[in-house]
Each structure stands twice: as structure tokens, then as C-alpha cells.
Participant: 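Let me begin by handing over the structure; questions about it come next.
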There are 2 protein chains.
Amino acid sequence: MPSDPVLNSPEGRQSILRARAAAGAPLPMAALAEEFGVSVDTIRRDLLALEAEGAIQRVRGGALPVMQPVEPLVTRMRTSDAAAHCIASRALDLIEDGMVVMLDGGTTIARLAAKLPPLPHALIITPAPAVAVATLAAGIETVLIGGQMSALGGMAVGQRACEAVSATAADLCLLGACGLEPTFGLSADRLDEAAVKAAMGAASSRTAVLTDRSKLGRRARHRVVPCAKLDVLVTDASSEETAAFHEVGLEIRCA
Amino acid sequence: MPSDPVLNSPEGRQSILRARAAAGAPLPMAALAEEFGVSVDTIRRDLLALEAEGAIQRVRGGALPVMQPVEPLVTRMRTSDAAAHCIASRALDLIEDGMVVMLDGGTTIARLAAKLPPLPHALIITPAPAVAVATLAAGIETVLIGGQMSALGGMAVGQRACEAVSATAADLCLLGACGLEPTFGLSADRLDEAAVKAAMGAASSRTAVLTDRSKLGRRARHRVVPCAKLDVLVTDASSEETAAFHEVGLEIRCA
DNA sequence: AGGCATGTTGCAAGTTCTTGCAGGATGTTG
DNA sequence: CAACATCCTGCAAGAACTTGCAACATGCCT
């Protein structure tokens with residue numbers, strides 16, 4: 001049963017699929033069928049149409065984007081990390097149309113950006129070009145934060161990026177993490193990226209962290225924000241692993 | 001049975017629908033029929049009218065805004081344009097290691113960015129996220145210009161982008177073009193993109209235009225810079241077609 | 001006022017499109 | 001080689017679309 005009567009026309013679905021393919025996301029038929037609430041046959045026909053126009057290449061079980069956007073992020077994203085996928089999907093619930101949302105860089109956030117539906121009244125603010133391309137492709141108004149590009153994280157950093165972030169106000173901020181620990185808080189491996197992430201958190205009224213269980217209990221080199229400044233933790237970890245974070249005030253969303 | 005006597009005229013409904021489409025919202029017929037208190041046939045006729053004027057695209061069950069959230073860059077780059085390829089390759093000669101180079105958005109420039117070799121001492125400055133990702137992947141130091149993203153051009157535009165560009169200085173600037181004409185100069189279809197391109201040209205000591213023959217002699221809506229401010233034209237056109245540009249002082253590089 | 005033209009709306013019959021399912025073919029995995 | 005999943009094809013039910021038409025409201029002219 002179609003959740004949205006319009007998005008679930010062939011054109012609507014295919015337009016969404018096209019955008020995801022352009023963002024470099026793989027298109028598994030079974031998952032898409034469940035997501036859209038249609039049978040795999042219908043998705044198969046959609047992929048057939050998209051393949052005919054050259055947007056994707058069908059493979060067994062689904063399809064792959066025919067044009068790989070770019071190396072650094074995409075190569076990491078190809079290693080299809082089931083956990084990151086689940087976390088990204090779970091975090092989608094946090095975003096509602098009409099919100100102003102800050103999106104960090106990183107693979108988890110990039111996955112989330114690729115999954116975003118069209119949000120006609122939302123605004124995305126991000127220092128990560130890969131994220132900006134994806135949200136723009138989804139038809140969401142996007143503001144790009146400029147600055148020196150960090151080779152590792154694939155996001156803009158530096159004083160100009162921090163200033164640009166500080167000059168904005170958002171309802172929600174989604175951050176990735178190199179490490180998250182109850183007492184030390186959210187941490188990142190690179191100082192310049194940590195500074196931008198911190199500015200993003202400070203400019204938002206609510207902050208959520210998206211990270212898989214491997215980062216929990218770790219301390220990366222530079223603290224971004226203490227846990228007191230965080231509101232939500234979206235992760236695939238068990239409730240035992242997240243208990244300590246719940247005690248310091250975080251709302252836990254388990255993927 | 002009209003619930004609101006004023007709003008429920010064809011013009012009234014259609015102006016509401018037009019506004020929603022412009023905001024990017026999908027238009028499901030059944031829901032709209034109930035909302036306005038009319039039959040789906042009436043809504044269908046409204047959508048028919050809106051489609052005739054090009055505001056929406058009708059799909060089964062309703063309509064989608066025609067302001068296609070289609071990622072302009074990636075889809076267009078899919079159409080492997082041999083001319084653009086040659087032009088991009090030819091323009092590579094202009095770039096030497098150690099330079100500070102500004103790169104515009106657009107498909108031609110994006111192709112060039114993908115072809116760039118590692119330049120350990122160069123610096124790329126660009127408002128186009130797709131370009132930034134490519135140059136970063138090539139291992140080139142990159143500065144991203146931030147700002148509101150233009151859905152069509154896939155680049156940052158607006159006051160902040162222009163200011164950020166003006167605050168930098170480059171040796172070379174490579175611009176794409178929607179139109180190039182000897183007297184009118186370089187022109188673009190969108191005003192906000194034209195402003196950024198103009199700022200890029202002004203911030204660089206040398207400016208080159210990359211464009212295929214189809215754009216020569218065309219005038220797009222907004223002038224970016226007059227030909228007097230341009231230095232090099234890289235194109236696939238014949239020498240007859242480029243003669244007029246040579247006369248106004250441009251160096252011609254034929255692909 | 002009456003009559004006519006125009007425009008809008010809802011309804012019905014016929015057509016087209018989409019979708020899910022069944023059956024057989026094909027490819028993959030152990 | 002066998003078991004299994006995925007694929008293609010054809011088909012039928014149902015939803016949505018198109019077309020034509022009649023009813024009703026509105027405005028204009030005589």
C-alpha cells in the first residue's frame with residue numbers, strides 16, 4: 001500500500017531512484033520494494049526503465065549507479081556497511097519537512113543524505129560537497145559551507161568554514177563521530193574537522209550523533225563537544241552498550 | 001460543494017497549486033480533492049491546466065513539480081560528450097603546478113577536474129562541490145566556496161559566495177559558458193550564477209573560457225564579463241568561427 | 001425580467017496503465 | 001549436480017485516465 005500516493009507513481013519512484021543513483025547509492029530491489037511498499041516486480045520494472053535511459057546498470061538483486069561520482073567517499077561507501085545503512089535509515093525519522101538541518105561529512109551522513117526524500121520546505125546546511133550534491137539531487141534546498149577542504153574527511157574546514165557555520169541557525173544537527181565516550185564526549189581525529197563539527201553543534205538547537213558500535217567508548221584525539229551538549233544517539237549498539245550514554249542524558253535510538 | 005467561495009475558483013485553486021509546486025511539493029489528486037472539497041475530476045482539470053503552462057508534470061495519481069530535482073551535473077555528464085572531452089583535455093595545458101586556479105561549475109569544467117593530474121603545489125578554488133570532490137580526489141589542495149546552492153548549475157551562488165570569491169586571488173580562472181559572443185561577451189542563463197562567475201573572473205589575473213561551438217554567437221540572459229576581460233578561448237570550433245573572437249583579443253586554443 | 005452564452009462541475013462509459021502473481025528459464029552457490 | 005534465488009514472460013484485476021454530456025451558476029444583452 002503506497003505510503004505517498006504521488007511519490008509512488010512510476011515517475012515518482014524513478015525520480016527518487018535516479019537521485020540516489022546519482023548520489024552513488026546502490027539500489028537493492030528487495031529493500032526498495034519494502035521501502036516503497038510495492039512488489040519487487042514493480043521495482044524491477046523501474047530499474048529496467050532507468051537502465052534503458054542509462055542512469056543505472058542492473059545487476060543481480062538490484063542495480064548500481066552507472067557513474068561513480070568520485071573516489072574518496074564513494075569507495076568507502078561501496079563497502080556496503082550494513083550497520084551504517086541501518087543507522088542512516090533510523091536517523092531519517094529525526095528529520096521533518098520544514099526543518100533547517102546541518103549535516104556533517106563522513107560516510108554515515110552521506111548515506112543518510114542519499115536516502116533523504118524530497119523535502120520541499122526543508123533546508124540543508126553542510127560543509128561536505130558530497131552531501132550537498134546528494135541533497136540537491138533530492139530536490140532539497142541546500143546551503144554549502146565553504147572553506148579549505150580537508151582531504152581526509154571530505155569537508156570544508158578552517159576559520160572561514162567555522163565562521164560560516166556560526167552565522168547560521170539550525171533546528172537539528174547530525175554529526176558523525178570518530179569516537180564517543182560518556183565522559184570525554186564526541187571526538188574527532190582531526191582538529192580542524194573537530195572545530196567545524198563543534199561549530200555546527202553550537203549553531204543547532206538539537207544535536208544527534210550517528211555512529212556504529214565500534215566508535216562507542218573510543219576517544220579520538222580532539223573533543224568536539226561534551227555529551228551534555230548532545231541530545232540523541234543513533235547507533236546499532238545494544239542497550240547495555242548505550243546505557244552509560246543514556247545516563248548522561250542522551251536519548252538512544254537503536255537501529 | 002465549495003467550502004470557501006473565494007478560494008474555490010479554478011484560478012484560486014490553481015494559484016495555490018502553483019505555489020505548492022514552486023515550493024517543490026508533490027500534488028496528490030485524491031488528497032487535494034478532499035482538501036478543497038471538490039471531485040478529483042476538477043483537480044485533474046486544474047493539474048491539466050498547470051501542466052499546459054509548464055508548472056508541473058502530471059503523473060499517475062497527481063502531479064510532481066516540474067522544477068525537476070534532477071541532479072543537473074551528474075545526468076548531463078552521463079551523456080558522454082566527445083567535444084566537451086576534447087576541450088577539457090586541451091585546457092589542461094593551461095594549468096601548471098604551483099598555480100592558484102579558480103574552477104567554475106558546469107559539465108565541461110567538471111570533466112576537466114576529473115582529468116587533472118596530482119599537482120602537489122597547486123591550489124584549486126571552486127564553488128562547485130562536484131569539482132571540489134574531484135580535485136580533492138586527485139590530491140590537489142582545494143578551497144571550497146560556500147553559499148546557497150543553485151539547483152541548476154550545481155554550484156554555490158549568492159552574496160556569500162561572491163564575497164568569498166572576491167576575498168581570494170588566483171592566477172587563472174576557467175569558466176564555462178551558456179553563451180559567448182564577441183560584443184556581448186560571456187553570458188550565463190542564471191543571474192546568480194553569472195554574478196559568481198564574474199567575481200571569479202575579477203579575482204583572477206588570467207581568465208579562460210571553455211565552451212563548445214554550439215555556444216559561440218549565442219547570448220544567454222546575463223552577461224558575466226565582456227570579451228575584453230577574457231584572455232583565452234578553448235573550443236572545438238573552426239578557425240572561421242573563432243576569428244571574430246581572435247579579433248577582440250582572445251587567444252584561441254582549438255581542441 | 002427573460003433568454004442566451006459562457007464557464008464550471010460532477011457523473012458515466014470506454015480505454016489505458018500499473019501492478020502483483022504464476023510459470024518456466026536462467027544463473028549462482030555449496 | 002542439486003538446491004536455491006533471481007530473472008523474464010504473459011496475464012488478469014483494479015485503479016486511474018479520457019472523453020463526452022448534462023446540470024448548475026454567472027454574467028450579459030435585449
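FYI, side chains are in, hydrogens and waters are out, and symmetry mates aren't considered; it's all heavy atoms of this structure. Numbers restart at 1 for each chain; the letters A, B, ... are given by sequence-line order, proteins then strands.
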Participant: Find the distance between CG (A/L123) and CG (A/D97) and round it off to the nearest 0.5 Å.
Facilitator: 11.5 Å
Participant: List the atom of B/L144, the atom of A/A156, and the distance in Å for their closest heavy-atom pair.
Facilitator: CD2-CB, 4.2 Å
Participant: What integer distance in Å separates A/D41:CG from C/dC17:P?
Facilitator: 20 Å
Participant: At their closest point, which heavy atom of B/A91 faces which heavy atom of B/L112, and how far apart are they?
Facilitator: CB-CD1, 3.5 Å
Participant: Rounding to 10°, can you tell me the angle the first-five-pair axis of the helix from C/dA1-D/dT30 to C/dG30-D/dC1 makes with its last-five-pair axis?
Facilitator: 30°
Participant: Where do A/L180 and A/C227 come nearest, in terms of heavy atoms and distance?
Facilitator: CD1-SG, 4.4 Å
Participant: Between C1' on C/dT8 and CZ on B/F36, what's the gap in Å once rounded to a whole number?
Facilitator: 16 Å
Participant: Do you know which of A/R111, A/K115, A/E35 makes side chain to side chain donor-acceptor pair (under 3.5 Å) with A/S89?
Facilitator: A/K115
Participant: Below 4.0 angstrom, N of the basic side chain to O of the carboxylate: do A/E96 and A/R206 qualify?
Facilitator: no
Participant: Below 4.0 angstrom from OP1 or OP2 of C/dG20, is there any side-chain N or O of A/T42?
Facilitator: yes
Participant: Quick check: closest heavy atoms across B/P65 and B/A21, and the distance to 0.1 Å?
Facilitator: CB-O, 3.2 Å
Participant: What residue among A/D236, A/T108, A/I87, A/L233 forms side-chain contact (heavy atoms from CB on, under 4.5 Å) with A/T211?
Facilitator: A/L233
Participant: What is the minimum heavy-atom distance between A/R18 and A/A55, and which atoms define it?
Facilitator: CG-CB, 4.1 Å
Participant: Which two nucleotides bound the region of DNA chain D that has atoms under 4.0 Å from heavy atoms of chain A, read 5' to 3'?
Facilitator: D/dA5 to D/dC8
Participant: Within residues 43-52 of chain B, find the residues that approach DNA chain C with a heavy atom at under 4.0 Å, and present them sorted by residue number.
Facilitator: B/R45
Participant: How many Å lie between CZ on A/R58 and C1' on C/dG27, as a whole number?
Facilitator: 14 Å
Participant: Kindly give the heavy-atom pair with the smallest separation between B/V196 and B/P127, and that separation in Å.
Facilitator: CG1-CG, 4.1 Å
